[in-house]
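Atoms considered below: every heavy atom in the structure, side chains included; atoms not considered: hydrogens, waters and symmetry mates.
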Amino acid sequence: MLASLSDDLRHSMRSLWSKPLLAVSITLTLALAIGINIAVFSAIEGQLLKPLPYPHGERLVSINNSYPKSGVMNSANTVADYLDRRAQANILVDSALYHDYSFDLTESTFAQRVAGIVATPSLFTTLQVNARLGRTFTADEAMSIDNRVVVLSDALWHSHFASDPSIVGKDVRISGQSYRVIGVMPANFTFPRREVQLWVPFVFSEKQKSDALRGFEFAQSVGRLKPDASITQLDSELDRIATNTMARLAGPSSGDESEFLNKARDGGFTGRARNLRDELVGDIRPTLWLLQAAAFVVLVIACANIANLMLIRSSDRQQDLAIRAALGASRFRLARQLALESLVLAAAGGVSGIGLAYLCIKLIRLLDLDGAANGFTIELNGPVLIFALLLSVVTCALFALLPLLSIQHERPAHALHGGSRGQSGNRSANRTRNA
C-alpha cells in the first residue's frame, strides 16, 4: 500500500514537472487566493477572536453616559457619575475611572512629551493585572495630590531607564514635579492604548465629587461584571441609578434647576455599557467579516479556474490514463494519482500563501491597520496556521473534485482508439468546463 502510494506520488511529481508553466500558474493562483484569506483571517483572529490580554477579559465592559433622545449614545463620564455607579451597581465586581493626559518626562538634558493616563487605583484591580516590578498605586495614594507616584510602562522602562531593575523607589521628574516610581507594568500591558507610557493616581477634588460638575464629561470608565451577569442586566441597573440621580437633582432641596438637569431631561440621560472588546475594536468588525467573505469569493473563483485547467489537462491525458487502465490500474488508482497531483499543488499553494500572508501582515502593521494601537496583535500563530492548513485541504477538494469525477465517465477503449487525443474532451467534460 505504502509502496504503491509512493510510486503514485513520484509519478504525480514527474507529471507536474512535465508541464512546469501550468504547475507554476496554478501554484501562484492558489498562493494569491490562500494568502489573502490567511491575512484577513489573521486580522480577524487577532482583533475579534483572540481573548483580551486580561483574566476573564470577556467580563470587562466600557461604561459611558448616554443621551438617546438627543442621539448621543456614548458620551464620557464625570466623577460624580462614576461614584454613583461604583456604589450602586451591584452587578459590577469592580470599576475604574481614567482619562488621558500628556506629561513632560524630564531627562538630564532634555524633556520629552509622553502619553499618560490618570486613573483610579482600581484600574489595575478591575483589569486584574499586576506590576512586573514593584506594585501599582493604592487607594491611599489617590487621596492627596501630594502623593506623587507613577507606574511606568515596560517600553518606557526600556527606552528611558535602560531596564534598570532598581528603578522602583527612585524619583523621576515629570511635568516639573518629582514622582516616585513604584512599579513597572508587564510588556504586554497596553491599556487603553499602546502609546500610553505611564499611569498616575486620579485624585478627586471635592468639587468633582459634587453635583456642581455633572455634565462636565471628560473621563472613561471600565468595569468588571460578576461571573453570571450580562450587559443587559448592567444597563438596567444604570437606568435605575440615572433615575435616582434625576429624582434627587429635581427634588425640593436641590434649589434652582441646573443646566445639566435640563440637558438630562431633554436627552433621556442614562448610562450604557458595552463589551470592552467592541469598544476597542470600534466599527471595524463588519468590515473585517466583509473582507473575509470577499476573500472566500476570490478563493472560489480561483478554484473554479484551476478546476477548469485540471479538467483540460486530464482530457489531454486520457490516452495515458487509458493505457494504465488497460495494464491493470483500477479507477481508484487513477483517481488517487490525480488526487495526489492536486494535493501537491494545494500544498505548494498553501506554503506560498503563508509566505504571501506574512508579507501582507507586515504591510498591515506598517499602515497601522492591525489594531496594535488598542493592544491587539495579528500574527501567524497556531490558530492562523491551522486555518491555513484547513483552507489548503478545502481548496484541494474544490479544484480536484471535477477532474476526479470526469475520469469516472471516461471509456478507456474509446481513448485508446484516439477518440480523445487532440480534442478538448467529451461532451460531459465540455459542459462541466463551460459551467
Side-chain angles (χ1 to χ4, degrees), residues 8-42 291-322 324 334-363 380 384-385 387-408 410 415 420-426 428-435:
D8 285 345
L9 181 60
R10 285 195 295 270
H11 190 277
S12 298
M13 297 293 290
R14 288 196 300 269
S15 177
L16 291 173
W17 186 249
S18 67
K19 299 282 187 179
L21 185 60
L22 178 65
V24 170
S25 299
I26 292 175
T27 299
L28 291 179
T29 302
L30 284 175
L32 179 62
I34 293 176
I36 291 174
N37 274 273
I38 295 173
V40 175
F41 179 76
S42 67
L291 283 174
Q292 187 68 82
F296 274 128
V297 171
V298 171
L299 180 66
V300 171
I301 293 173
C303 289
N305 282 279
I306 294 172
N308 191 38
L309 292 175
M310 296 294 284
L311 271 173
I312 295 173
R313 186 170 185 272
S314 65
S315 296
D316 292 340
R317 297 174 59 201
Q318 285 177 10
Q319 200 166 53
D320 174 62
L321 295 174
R324 293 193 66 192
L334 298 177
R336 187 173 69 180
Q337 180 187 333
L338 294 179
L340 285 173
E341 292 179 10
S342 299
L343 186 61
V344 170
L345 290 171
V351 172
S352 302
I354 292 175
L356 178 62
Y358 176 78
L359 297 177
C360 290
I361 290 173
K362 297 282 283 186
L363 178 61
L380 292 176
V384 174
L385 293 178
F387 174 81
L389 175 62
L390 293 175
L391 199 65
S392 298
V393 172
V394 171
T395 300
C396 175
L398 284 175
F399 72 75
L401 183 61
L402 291 181
L404 289 177
L405 291 176
S406 70
I407 69 168
Q408 302 301 319
E410 298 296 341
S420 295
R421 180 174 297 277
Q423 299 178 17
S424 60
N426 58 32
S428 175
N430 281 331
R431 285 196 298 267
T432 304
R433 287 197 297 271
N434 288 335

Measuring from [X]:[atom1] to [Y]:[atom2], what's the distance to the nearest 0.5 Å?
| X | Y | atom1 | atom2 | value |
| --- | --- | --- | --- | --- |
| L22 | I306 | CG | CD1 | 9.5 Å |
| I36 | L299 | CD1 | CG | 9.5 Å |
| N305 | S25 | CG | OG | 11.5 Å |
| I26 | C303 | CD1 | SG | 11.0 Å |
| L359 | I354 | CG | CD1 | 12.5 Å |

Going by the angle between their ring planes, with limits at 30° and 60°, are F387 and F41 parallel, tilted or perpendicular?
parallel
Minimum-distance pair of heavy atoms, taken over all atoms of [X] and [Y]:
| X | Y | answer |
| --- | --- | --- |
| A357 | L380 | CB-CD2, 4.5 Å |
| I34 | S392 | CD1-OG, 4.0 Å |
| A346 | L30 | CA-CD1, 3.9 Å |
| S42 | V384 | CA-CG2, 3.9 Å |
| N37 | A33 | ND2-O, 2.8 Å |

S352 side chain reached by L28 side chain, heavy atoms, under 4.5 Å:
no
Residue pair L389 / L385, side-chain heavy-atom distance below 4.5 Å:
no
Evaluation steps, side-chain contact (heavy atoms from CB on, under 4.5 Å), between F296 and L291
CA-CA 9 Å; F296 274 128; L291 283 174; over 6 Å; no
